[in-house]
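Reading through the structure tokens given below for one structure.
Fair warning: this is a prediction, and the values are worked out from it, not measured in the lab.
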Amino acid sequence: MNKMDRVGADFHRSVAMIRKRLQANAVPVQIPIGSESSFRGVIDLVNDRALIFEDQLGREYIETTVPAELVAEKRFYREQLLESLAEFDDQLLSNYLDGGKITAEQIKAAIRKGTLACKFIPVLCGTSFHNKGVQPLIDAIVDYLPSPLDVPPMEGENPDTGDKVYRKVDDNEPVSALAFKVQTDNYVGKLVFLRIYSGVLKTGGTVYNITKGKRERVGRLMKMHANHRQDINEAYAGEIVAAVGLKGTATGDTLCPEDHPVILEAISFPDPVICVAIEPKTKADQDRIGMALHRLAEEDPTFRTVTDHETGQTLISGMGELHLEVIVDRLLREFHVEANVGKRQVAYKETISRSVRGEGKYIKQSGGHGQYGHAILEVEPLPAGQGFEFEDRTTGGIIPKEFINPIENGVKEAMESGTVAGYPMVDIRAVLVGGSYHDVDSSELSFKIAGSMAFRDAAEKGKAVILEPIMKIDITVPEEYLGDVIGDLGSRRGRIETTEIQGNYQVVRGLAPLAEMFGYATDLRSLTQGRGNYVMQYDHYSQAPSDVVEEILKTQGYGFAI
């Protein structure tokens, strides 16, 4: 329980709210000494001692007996703690009922047992701003939370056979590590944070990035301690370290020996659903913004940056309004780049609605060597979320094998700009069924252009439609505001899937188009007097209604109808 020095801080009321609203078995293992500006320490109910923080920064504290005026309160909450723990330890229960002595070690063992079973939530208190209560909190993390040895072996997959592979937390196992974060540092460059699941990783050693299929050399290994780093020579199973020198490793990649391959469960990153145009304010900012955006994209897999070749604009994409606001703020704070940001835009996409055939023939004759490429494609829509598939069904060598990949690349290039409003096209299967070639004039370039032409021909016949991102939304509101929230969500073209009771709150789960959800945080707070909150994440793309398409085309300057 943080911020015990703030005005209005009430530890016991907050614990009661946790129990009531979250239905959690939250039990204090500490109680505060004073509150608000008079907060000066905590009473440790486990060891039956008081910890008094003497300086403003909380670096030094004294351990002493419980102040006389707080003995009665301490006794009451210690009894509550022992009663709650009795169900996890038979010996403690017996001692408690018989009035026998209960040691601090017994209490810690029972708290750990209940915490590991997720049936007991120990509550501590302090104020992190002044470091008061931080030391006991770190001790509690060590005493009560699970170590790597308390969890089952890590499950992975053999990339060659597809069989399940298990890695135990053991230094003698082959090394396996998951890169879970990438950070750019002004002094050492690219830092890759690794969780070592098994084996030993050594400085100067070589590991295999099984995800990318590349060997990587570990230049340095460091333990990260908040505002300073400690260089180490080896990292053991169960540790979290930062590595320097891993040039091609990104978030979610697995590192292992080449002769003991395993792919650990990677982190799933959805595609960005919102984008804005960004431009530097000054010439000096223009020189730095490209490098800054590249570094931010390396760190964050859900952030993308591209250049629109038609308009020359730099577009940044992310998972929501707040995400992009943080990115722009980081540009200023970390990279000293000031930028102007355009209006937010939804990342619409396009697809075709029926199966069609398209033909592309590229013939160019100019004095000497010419160009000849000819491709016939059958293009059909795929179920939502399937992306893109390409298949070659030509027979008899009517198109040489070396020209198949260029045709596929031409199709992919053509899909980057749709036929309705220029949005990227998705969920399409392209099947190469025919074509022809010239012994002298055919080349990879000519077949790439022919593949692109064939796809554009098919897309124009395929009744292309615009798809909009649909977000999964979980809204938590007090019961008295439920009707207003549901009505507002309906006005945003939202669809309610379920509602359930969670304490005194109602949780509304449903789907809503991203285009209608801009500024929803402010509107929800207004509807619920600041008591409602929501979580939103991308779910799928769905065909946009005709009135929405009409508005999109009007905004894009395409007219009023398809």
Side-chain angles (χ1 to χ4, degrees), residues 1-22 24-85 102-112 114-116 118 120-147 193 223-230 240 333 530 533:
M1 194 80 65
N2 194 20
K3 302 180 181 177
M4 288 304 303
D5 58 341
R6 293 286 184 91
V7 174
D10 189 333
F11 176 76
H12 300 299
R13 177 173 173 269
S14 298
V15 172
M17 289 170 67
I18 291 173
R19 297 178 69 92
K20 185 178 180 182
R21 295 188 179 181
L22 303 180
N25 182 28
V27 181
V29 296
Q30 290 177 352
I31 57 174
I33 299 175
S35 64
E36 302 183 0
S37 60
S38 63
F39 175 73
R40 58 195 177 93
V42 298
I43 295 174
D44 182 352
L45 300 176
V46 176
N47 295 298
D48 200 7
R49 302 288 285 171
L51 306 179
I52 308 296
F53 296 91
E54 294 187 305
D55 64 332
Q56 278 299 310
L57 293 178
R59 289 195 183 97
E60 304 293 334
Y61 64 90
I62 57 171
E63 189 172 324
T64 183
T65 55
V66 177
E69 68 273 16
L70 295 173
V71 168
E73 183 182 356
K74 180 269 300 182
R75 187 178 295 120
F76 173 77
Y77 285 104
R78 196 165 194 269
E79 287 291 314
Q80 277 195 347
L81 173 63
L82 295 176
E83 285 180 15
S84 300
L85 293 174
I102 300 174
T103 64
E105 286 68 29
Q106 278 183 294
I107 296 174
K108 287 182 180 180
I111 293 175
R112 179 176 177 80
T115 304
L116 295 184
C118 298
F120 182 92
I121 313 296
V123 183
L124 298 91
C125 60
T127 167
S128 61
F129 183 68
H130 292 115
N131 297 316
K132 295 180 179 179
V134 173
Q135 300 95 327
L137 171 64
I138 295 173
D139 291 339
I141 289 171
V142 174
D143 290 337
Y144 307 139
L145 296 187
S147 84
F193 286 77
K223 279 190 176 180
M224 309 299 286
H225 300 280
N227 60 350
H228 76 277
R229 306 173 181 130
Q230 174 190 349
I240 292 175
R333 278 190 299 108
N533 60 74

task: Taking all non-hydrogen atoms of both residues into account, name the closest pair between R112 and P146 and its distance.
output: NH2-CA, 4.3 Å

task: Would you give the length of the straight line joining atom CE of M224 to atom CD of Q230, rounded to the nearest 0.5 angstrom?
output: 11.5 Å

message: So, taking the atom named CZ in F76 and the one named CG in L45, what distance separates them when rounded to the nearest 0.5 Å?
response: 11.5 Å

query: Between D10 and H12, does a side-chain contact (heavy atoms from CB on, under 4.5 Å) hold up when you go through it step by step?
result: CA-CA 6 Å; D10 189 333; H12 300 299; 4.2 Å; yes

Distance-only criterion, 3.5 Å: show the donor-acceptor pairs between side-chain atoms of residues 64-71 and protein atoms not counting sequence neighbours.
none

- prompt: Is R229 reaching over with its side chain to a backbone N or O of K223, donor-acceptor style, under 3.5 angstrom?
  reply: no

- prompt: Which heavy atom in A104 sits nearest to a heavy atom in N47, and how many Å separate them?
  reply: CB-OD1, 3.4 Å

- prompt: What are the two closest heavy atoms between P32 and F11, and how far apart are they?
  reply: CD-CD2, 3.5 Å

message: Restricting to non-hydrogen atoms, name the atom on A9 and the atom on K3 that form the minimum distance, rounded to 0.1 Å.
response: CB-O, 3.7 Å

field: Side-chain touch Q30/I43, heavy atoms, less than 4.5 angstrom
entry: no

field: Separation of R6 CZ from S35 OG (nearest 0.5 Å)
entry: 14.0 Å

task: List in chain and number order the residues that pass side chain to side chain donor-acceptor pair (under 3.5 Å) with Y144, two or more places apart in sequence or in another chain; answer none if no residue qualifies.
output: none

query: Judged by atom type as modelled, is there a donor-acceptor pair below 3.5 Å linking the side chain of E36 to the main-chain atoms of G8?
result: yes

- prompt: Are any side-chain N or O atoms of N2 and backbone N or O atoms of S128, one a donor and one an acceptor, separated by less than 3.5 Å?
  reply: yes

- prompt: Can you tell me how far the CD1 atom of I102 sits from the CG atom of L82, to the nearest 0.5 Å?
  reply: 4.5 Å

field: Distance, nearest 0.5 Å, that separates CZ of R78 from CD1 of I31
entry: 11.5 Å

- prompt: Is the number of heavy atoms from other residues, nucleotides or ligands under 6.0 Å of R13 CZ greater than 12?
  reply: no

- request: Answer yes or no: is there a donor N or O on one side and an acceptor on the other, between the side chain of R19 and the main chain of A26, under 3.5 Å?
  value: yes

task: Considering non-hydrogen atoms only, spot the tightest contact between L85 and I107 and give its length.
output: CD1-CG2, 3.6 Å

statement: residues 41-51 vs salt bridge (charged side-chain N to carboxylate O under 4.0 Å, His left out), sequence neighbours excluded, gives D48-K74, R49-E63

- prompt: How many angstroms lie between NZ in K108 and OG1 in T103, if you round to the nearest 0.5 Å?
  reply: 10.0 Å

- request: Identify the heavy atoms of F39 and G34 that sit nearest to each other, and give their distance.
  value: CD1-O, 3.6 Å

